[in-house]
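Written below as structure tokens is the structure these notes are about.
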Amino acid sequence: MADFSKREIAERYDLLGRDLAKKGIEIDQAKDRISRFTVEVPSWVFGAFGGGRFSEYLPPGAARNVFEKFDDAAIVNKLTGATPKVSINIGWDDPDVGPFDKIQVDSFKKLRDYAQKVGLKIGTVNPTYYLKGSHFGSLSANNPETRKRYIKHSLVSAEVASRYATGVLTIWLPDGSLYPGQVDLQTAERNVANSLKEIYSRMPESGYMLIEYKLFEPGTYHTVISDVSVASGLARSLGDRAGVIIDLGHHPHGVNIEHIVARLIGDRMLGGFHFNTRYASDDDLAVEPSMEIFRIFHKLVTGGVIGNSDPRKDWVYVIDQCSALENRIHAVLHSVESLTVSYAKALVVDEDKLGRFQDSNEIILANRTLVDAFLTDVRPIIYMARQEKGLPIDPIEAYVQSGYQQKIDRERKQR
Ligand code: RM4
Ligand code: MN
Ligand code: MN
């Protein structure tokens, strides 16, 4: 818990600044980059989705509709200054609740206007491929009618994205199979490729599409877009307005995710992240400031992606988590904190030294250089950045003190 006076923050900042200067790192530059860091929050973390195994259980205060989700996102942004955009799901977040096939693009104007009113914007837009009638596949389905429905749904979503949001469509398909032999693997992949081609060619020209992959769930035997090679292959075949989004929870254990990042950057592929923590399995938990997240940020920094002054060269960053038991707003604030800390650590790597050790094959000394940055307490950088913006030093503590939770617990009892 951080409870520092202005003077204490200045002292800590100066001390760290002197340490970093010895490595040739300018603390003010790191602070400015941290000041500019933003990440999207997911609408779904605030609402009913995420009961998981305890389907009837909802943490107190869960939002009852999309507007309440935006209210919650607004307080997160107010406290962190780092989450001005909310990622939405078409099919869950429709302002006019109605049947899936009748979703109206225009009705999202209301949501865009409401977002503006509470100081937010709509961020990435997710079509929802796992609603009615897709239990045997959506874009991969053998049934052409099902594919058509989901192509139409994708185009409605793309239109919402371009008209009322940032134009970025993020696509995750639940398509796959439970048993070997259930579907023909090539047919399923071809159906997806053709469906995506149709979506890509008909979506607004200003729009972008990021394709997400996942090794498992709901498919137990196979998923059609199972890994980065399938996703990037599809994206490449579509064109330069298609790319890949990496969800941290979607890999087998032990996969080197920063290597995937490096490869996508090397390929000049559009990229993005769905941040979360996976322990034993994919469970969309809050982000912790782990060594892995630090290494990923280090790649995003050295690859010239994060914070690039040309926004088209930067990636898209989204928190994708869905709390089951824990307080939703605490969980999101915790993730924002962890990501900010990890980014700051990635900015204090002694790159010259690292380069020298790499050139001279000093394996452990190179590794220690990275570890040294990871072990640096970078919080003074973050505190200073927040203080300058008039934000609370500790957003979670400020949230606990704010009384907002008590208010939503009370107001949202009826559902
Ligand atoms: C999926 C995938 C999608 C997310 C849904 C809720 O596993 O991660 O990105 O939107 O879950
Ligand atoms: Mn995801
Ligand atoms: Mn996921």
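Numbering starts at 1 and runs along the sequence shown. Just follow the structure's listing: the first ligand is 1, and inside any ligand the first atom is 1.
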Can you list, by chain and residue number, the protein N, O or S atoms under 2.8 Å from the Mn ion (ligand 3)?
H250 NE2
At what distance, to the nearest 0.5 angstrom, does NE2 of H251 lie from CG of D227?
8.5 Å
Within 45° of the axis and under 6.0 Å from the centre of the six-membered ring of F294, does NZ or CZ of K345 qualify?
no
Give the numbers and elements of all ligand 1 atoms closer than 4.0 Å to a heavy atom of H274.
9 (O)
Find all atoms of ligand 1 within a distance of less than 4.0 Å from any non-hydrogen atom belonging to Y130, and give their numbers and elements.
5 (C), 6 (C), 10 (O)
Sub-6.0 Å ring centroid separation between F67 and Y114:
yes
Give a yes or no answer on whether the side chain of K214 reaches the backbone of S226 with a donor-acceptor pair at less than 3.5 Å.
no
Do R241's NZ or CZ and the ring of Y200 fall within the cation-pi criteria of under 6.0 Å and 45°?
yes
N/O of K214 under 3.5 Å from N/O of ligand 1, yes or no?
yes
Using distance alone, determine whether N89 and ligand 1 share an N or O pair under 3.5 Å.
no
Under-4.0 Å heavy-atom contact with ligand 1, by part of Y213 that carries it
neither
Taken in chain and number order and not counting sequence neighbours, the residues that satisfy salt bridge (charged side-chain N to carboxylate O under 4.0 Å, His left out) with D113 are K109
Taking atom types as modelled, find out whether Q405 and N327 have a side-chain donor-acceptor pair closer than 3.5 angstrom.
yes
Look only at interatomic distance and state if D247 has a nitrogen or oxygen under 3.5 Å from any nitrogen or oxygen of ligand 1.
yes
Only residue of I151, D101, I103 satisfying side chain to side chain contact (heavy atoms under 4.5 Å, CB included) with V156 is I103
Please step through ring-ring contact (aromatic ring centres under 6.0 Å, His included) for the pair F4 and Y383, ending with a clear verdict.
CA-CA 9 Å; F4 300 125; Y383 296 159; 5.5 Å; yes
Report yes or no: is the cationic atom of R33 (NZ for Lys, CZ for Arg) under 6.0 Å from the centre of the six-membered ring of Y343, at an angle within 45° of the ring normal?
no
For ligand 1, is any non-hydrogen atom under 4.0 Å from D320's backbone (N, CA, C, O), its side chain (CB onward), both, or neither?
side chain
So if I count the atoms of ligand 1 from 1 in the order they appear, which ones are less than 4.0 Å from some heavy atom of H250?
2 (C), 7 (O), 8 (O)
